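Structure first, then comments.
Only a predicted model underlies this, so the values are computations on that prediction, with no experimental measurement involved. Throughout, protein chains are lettered first and strands after them, A, B, ... in sequence-line order, and every chain is numbered starting at 1.
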Amino acid sequence: AQTVTQSQPEMSVQEAETVTLSCTYDTSESDYYLFWYKQPPSRQMILVIRQEAYKQQNATENRFSVNFQKAAKSFSLKISDSQLGDAAMYFCALDTDKLIFGTGTRLQVFP
Amino acid sequence: EPEVTQTPSHQVTQMGQEVILRCVPISNHLYFYWYRQILGQKVEFLVSFYNNEISEKSEIFDDQFSVERPDGSNFTLKIRSTKLEDSAMYFCASKGSYNSPLHFGNGTRLTVT
């Protein structure tokens with residue numbers, strides 16, 4: 001069975017600082033994709049970043065980057081230069097043939 | 001940029017009533033999904049749909065639920081006899097190919113009273 005674990009229910013960061021959100025997963029598949037989605041209070045699901053398991057290079061999207069450790073089945077999200085608009089729920093998700101979500105991390109950003 | 005459209009944004013219904021949640025996926029997408037998020041909880045997979053049939057469904061997706069793609073553009077989720085515990089945000093999602101990312105709609109908030 002596929003599982004995704006986010007062990008940090010809440011995190012906080014000061015504006016302009018860097019924060020890292022943790023995610024571990026489990027799957028027996030060798031070919032899969034990993035995602036981070038952002039869910040603001042409006043409850044939209046917004047794709048933040050995507051990582052293909054076969055790629056060793058960590059994905060980067062502007063201020064967002066991941067640390068993908070395939071052997072450890074770890075997929076953390078780093079947000080650099082945090083902004084007030086980054087405050088949201090962040091969900092880690094594993095896609096083999098369907099998307100399985102973690103329980104989410106609520107990120108607060110303080111001015 | 002094309003997007004997944006869901007209607008209505010909010011639906012209130014009485015227990016025991018039937019509801020149909022509507023979705024228009026991105027036009028060239030081939031894989032369609034419904035997810036549910038009970039308030040304060042994680043997003044849960046309900047069902048996936050490909051080639052005009054269900055490809056996988058979760059334990060949540062019991063006989064009270066059904067999906068349809070009636071006209072090649074709409075993708076609907078029907079709940080035959082709603083229960084209080086069906087109150088949740090329902091997300092439709094689609095993707096163009098097996099290995100592309102899911103695009104989510106803005107969700108329909110279903111409230112069962």
Side-chain angles (χ1 to χ4, degrees), chain A residues 1-10 21-25 27 29-55 59 61 64 66 68 75 77 88-107, chain B residues 1-6 8-11 23 25-26 29-51 54-61 67 87-111:
Chain A
Q2 274 82 234
T3 59
V4 178
T5 302
Q6 292 180 252
S7 58
Q8 305 156 316
E10 288 194 7
L21 309 185
S22 302
C23 174
T24 57
Y25 62 93
T27 180
E29 301 289 332
S30 57
D31 185 20
Y32 53 89
Y33 298 82
L34 292 159
F35 301 86
W36 279 96
Y37 281 88
K38 172 184 178 182
Q39 188 179 45
S42 65
R43 298 187 76 183
Q44 283 178 278
M45 295 293 288
I46 302 166
L47 177 64
V48 174
I49 200 164
R50 174 194 189 204
Q51 174 80 43
E52 292 93 337
Y54 63 85
K55 285 188 178 177
E61 284 288 339
F64 298 87
V66 298
F68 173 48
F75 182 62
L77 174 70
M89 280 290 283
Y90 285 82
F91 290 97
C92 178
L94 166 69
D95 191 353
T96 52
D97 55 357
K98 62 181 182 289
L99 208 57
I100 302 295
F101 287 88
T103 50
T105 296
R106 182 175 303 282
L107 178 67
Chain B
E1 185 177 324
E3 54 184 34
V4 177
T5 305
Q6 288 186 246
S9 57
H10 190 190
Q11 172 102 39
C23 170
I26 295 173
H29 282 188
L30 301 174
Y31 298 81
F32 312 110
Y33 301 79
W34 283 101
Y35 284 81
R36 178 181 85 174
Q37 186 183 30
I38 294 171
L39 185 64
Q41 299 186 21
K42 70 176 181 180
V43 182
E44 300 173 291
F45 168 76
L46 289 178
V47 66
S48 57
F49 192 88
Y50 172 71
N51 203 25
I54 291 174
S55 43
E56 189 172 353
K57 57 185 180 181
S58 71
E59 291 176 352
I60 303 167
F61 195 88
V67 289
S87 295
M89 195 78 162
Y90 287 82
F91 290 100
C92 174
S94 69
K95 61 182 182 180
S97 63
Y98 182 76
N99 59 357
S100 56
L102 274 181
H103 294 257
F104 282 85
N106 288 341
T108 292
R109 185 188 302 272
L110 177 65
T111 303

Using a cut-off of under 4.5 Å for heavy-atom pairs, which of A:L47, A:I100, A:D31, A:L99 has the most such pairs with chain B? A:L99

Do other residues, nucleotides or ligands put more than 12 heavy atoms under 6.0 Å from B:E3 CD? no

Applying ring pair (Phe, Tyr, Trp, His ring centres under 6.0 Å), can you list everything that pairs with A:Y33, at least two apart in sequence or on another chain? none

Is chain A contacted by the side chain of B:Y31, its backbone, both, or neither, given a heavy-atom distance below 4.5 Å? neither

How far apart are the closest heavy atoms of A:D95 and B:K95, and which atoms are they? OD2-NZ, 3.4 Å

Quick check on A:Q6 against chain B: is it the side chain, the backbone, both or neither that has a heavy atom closer than 4.5 Å? neither

B:E44, part contacting chain A, at a heavy-atom distance under 4.5 Å: neither

May I ask you to test the A:F91-B:Q37 pair for a side-chain heavy-atom distance under 4.5 Å? yes

Across all chains, not counting sequence neighbours, the salt bridge (Lys or Arg N to Asp or Glu O under 4.0 Å) partners of A:K98 are B:E56

Between the CZ atom in B:F104 and the CD atom in A:Q39, the distance rounded to the nearest 0.5 Å is 9.5 Å

Is A:R50 close to chain B through its backbone or its side chain, or both, or neither, when contacts mean heavy atoms under 4.5 Å? side chain

Kindly indicate whether the side chain of A:M89, heavy atoms from C-beta on, has any atom under 4.5 Å from the side chain of B:V43. no

Less than 4.5 Å apart, any side-chain heavy atom of A:Y37 and any of B:L102? yes

